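What follows is one structure encoded as structure tokens, with my remarks underneath.
What you see is a predicted model; the values in this text were computed from it and never measured. Lettering follows sequence order; numbering is per chain, from 1.
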Amino acid sequence: MRLETPAAQCGPFAHDLVSIPRTMGLVMLALAPATLFGLWQFGWPAIWLFLATLAGALLAEILSLWLAGKPIRPDLSDGTALLTGWLLAMTLPPWAPWWIGVVGALLAIVVAKQVFGGVGQNLFNPAMVARVALLIAFPLEMTSFVAPTPLFSAEAPGLVESLAITFGGQGFDAFSGATVLGQVRTELGQGETLATILPDLYTPLSGAVGTVAGSLGETSALLLLLGGLFLLYKRVITWHIPVALLGTIAVLATLMHLIDPEHYAGPLYHLVSGATLLGAFFIATDPVTSPVSARGQLLFGAGCGLLIYVIRTWAGYPEGVAFAVLLMNACAPLIDHYVKPRIYGRDRRGRPLEYANDAETPR
Amino acid sequence: MSLLAVLNQRQSIAYQATLLGGFTLLAAALLVIGDLTTRDTIALRKAEDLKASLSQVLPPALHDNNLLADPLTLPDADGAPVLVYRARRGLEVTGVAYRVSGPGYSGTIELILGVDPQGRVLGARVLSHTETPGLGDKIELAKDDWILAFDGLSLGDPPPERCAVKKDGGDFDQFSGATITPRAVVGALKRGLEFFQRHQVALTAPAAVSVASDPVRSPE
Amino acid sequence: MSLEPNTANKTAWGRISRDGLWSNNVVLAQSLALCPLLAVTGTATNGLGMGLATTAVLIASGFLIALIRGWVTPEVRIPIFVLVIAVLVTLVDLGMNAWLHDLHKMLGLFIPLIVTNCAILGRAESFASRNGAGASAFDGLMMGLGFTLALVLLGAVREIIGSGTLFANASLLLGEGMAFLEMTLIPDYRGFLLAILPPGGFIALGFILAGKRLIDTRLAEARQRRESTAGAGALAGS
């Protein structure tokens with residue numbers, strides 16, 4: 001699947017130094033700051049979970065390539081399996097037991113990727129398939145979040161203690177903390193208003209920096225934004241999907257907030273909470289599962305944003321990025337069918353363009 | 001053309017209409033036979049089901065009457081009818097049982113609640129629910145003995161303000177990861193006890209005549 | 001391997017059996033009846049109960065439709081077949097409600113829904129309306145057993161992965177004597193809810209279909225190899 005191989009059979013093919021390993025490397029580099037922050041903030045149990053998930057993803061990839069009788073080295077070293085495992089780990093509750101990461105990695109690689117034919121063939125984003133499957137299969141483990149206890153701080157669990165949490169199935173009720181999105185949903189359900197809920201729980205600053213309970217790599221909005229801008233600068237992704245996604249959420253949140261500020265939080269809350277930024281820059285932009293054309297990508301991003309807002313506000317779950325991305329993944333082929341890029345030399349309907357000098361020729 | 005000749009023409013509308021009509025009649029006859037054969041058994045099974053769920057909240061030691069006989073119909077707070085089954089020893093009412101329900105996380109939770117004449121909970125059991133398996137289904141006795149915590153409680157015990165899950169400042173445990181489900185059950189049982197309080201006189205009035213009847217004919 | 005009407009009956013019976021159980025299996029080959037399949041196969045016992053109920057309907061409908069096929073004209077055959085099937089399903093529903101009440105409570109809505117199982121009308125159309133009563137009843141039996149096989153297989157996979165047991169509550173279906181079937185394969189298992197929910201059914205069915213394809217391919221390869229070596233041997237011998 002490497003693009004640098006001289007595979008041109010006919011026609012003018014443009015060649016570039018773009019290759020899958022290079023792209024994956026850039027994405028991982030962009031993810032690194034937010035990941036390191038998450039690992040520092042949630043300590044050893046998060047580090048073990050992260051490593052277990054990556055190892056699970058690599059093993060699952062080797063296993064499925066071996067079963068399918070494909071060469072293992074080239075596909076394994078392109079880094080896609082590693083990135084899938086990485087993205088999945090970012091969305092897990094940081095102190096989840098190791099088998100959550102491993103089962104999730106198996107689901108992502110085997111069920112969501114290799115069954116469809118491997119790299120570039122999958123219809124759905126593998127990391128999000130795994131996340132949704134885990135959420136449905138293990139609701140308790142997938143909703144047990146912890147308050148931040150930074151590495152080496154007094155209350156953080158030590159190396160040995162953390163092994164018991166990740167691998168020994170030891171409970172951690174003493175550390176438990178609800179995510180901002182989850183807590184707000186619960187208390188709104190009890191008839192509280194945002195004015196009484198939010199101040200205790202969250203400030204825009206804590207949400208942006210990320211010192212709140214949440215998934216392993218989703219808490220720090222600023223670092224994720226930084227990574228996203230880096231990807232834009234390196235032209236790994238284009239602006240269309242992130243801007244459409246974030247813009248739709250911001251517009252909807254602003255509208256609803258203006259209508260009823262007691263029950264609908266403002267745009268900043270939605271942008272810095274949960275997986276919004278991770279989803280906008282790293283997940284919805286997956287080139288395999290999103291539309292090809294710029295207009296299609298705008299539509300795709302707006303659809304994701306709309307679904308995220310609707311699910312967070314009115315549906316049964318407090319967070320909806322994974323569901324929204326999967327639902328829009330399913331729509332991507334349809335979008336590609338109807339929103340085709342214009343063919344060179346023809347108009348949008350496929351008819352040959354009429355040139356200005358045609359006007360001079362008599363008909 | 002004689003009738004037989006018409007029927008022999010298989011393409012004719014008459015033949016096909018007769019055929020369809022004949023089969024419909026035959027089908028109806030078969031269904032009637034099937035219904036007659038199974039009706040009594042099915043009614044018996046349903047009565048057994050109801051009796052089984054009633055006996056979970058009305059211990060057999062408490063009564064010597066047929067629980068399904070002469071149920072009482074009383075209006076609840078919204079005026080909707082509630083069917084109440086009474087356990088008696090002799091003519092004395094020793095307990096009543098009725099359905100209560102509350103809005104759970106993903107649908108209505110139906111419970112059956114047994115109450116003794118003093119208004120204390122004899123037992124409560126979940127009849128049906130659509131809560132998340134693994135999270136909210138601990139309200140089932142088969143999964144967890146949480147529901148047994150209500151036995152022996154009444155409207156004043158615990159005091160009304162403590163009659164809630166711990167997260168809301170009350171006395172009852174919630175489950176880790178699920179608050180809405182136990183909250184719905186606590187609310188439903190509280191409303192059930194209020195219903196008892198409202199109708200205590202009617203509910204505990206001793207029977208004038210002990211009615212004997214067979215379970216098959218009693219209403220469901 | 002064609003079925004000539006006058007060849008020895010043995011071939012016909014064998015072919016019907018192979019068709020129903022494997023090569024033309026309702027689920028594994030025709031991909032029919034997926035709705036009841038996915039809905040009831042949370043446990044192997046439910047799958048078995050549903051499969052046996054469907055088999056009963058298939059046998060009876062095949063038999064009855066083959067009997068009446070001489071009178072029914074093509075124009076009204078579909079309503080009549082549907083009527084026959086609907087009556088049979090209703091009778092099975094009533095019977096199970098009365099005599100297998102606990103299983104009926106578990107399968108609930110899906111017993112009346114057997115009537116919408118396209119495999120039944122499909123067999124009525126493609127087999128029973130063209131063959132004798134005995135052969136049609138046998139075809140119904142084999143198709144039903146094939147369907148039951150798929151249901152039990154899928155139910156077992158989902159039950160083992162989903163709740164770590166096998167044939168839980170089998171005594172409700174088969175009587176106390178079969179209680180030994182109820183197994184707990186993985187003690188203290190936390191459960192994998194996804195496998196029991198419908199999406200898990202789809203995923204497991206996908207893997208089972210892939211498995212059948214794999215077996216078929218391997219068998220075909222083996223047969224080819226055998227034929228080619230036999231051919232080579234014949235050549236060498238000549």
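The CD1 atom of B:I42 sits 7.5 Å away from atom CG of C:D93, with the distance rounded to the nearest 0.5 Å. Separating the CD1 atom in C:I80 from the OG1 atom in B:T24 is a distance of 8.0 Å, to the nearest 0.5 Å. Separation of atoms CG (B:L19) and OG1 (C:T73) is listed at 6.0 Å; rounding is to 0.5 Å.
Between C:W71 and B:Y15, the closest side-chain pair of non-hydrogen atoms falls below 4.5 Å. By the 4.5 Å heavy-atom criterion applied to side chains, C:N97 and B:T38 are not counted as neighbours.
By the neighbour-count criterion of 12 heavy atoms within 6.0 Å, atom CG of B:L36 is densely surrounded, having more than that number from other residues, nucleotides or ligands.
Most heavy-atom pairs under 4.5 Å with chain B: of the set C:I196, C:V84, C:I68, C:D102, this distinction falls to C:I68. Interface check for chain B: of the options C:H101, C:H104, C:E75, the most heavy-atom pairs under 4.5 Å are formed by C:H101.
Nearest approach of C:L83 to B:A27, heavy atoms of both residues: CG-CB, 4.0 Å. Of all heavy-atom pairs spanning B:G34 and C:L94, the tightest one is C-CD1, 3.9 Å.
For C:L88, no part lies near chain B; criterion is any non-hydrogen pair under 4.5 Å.
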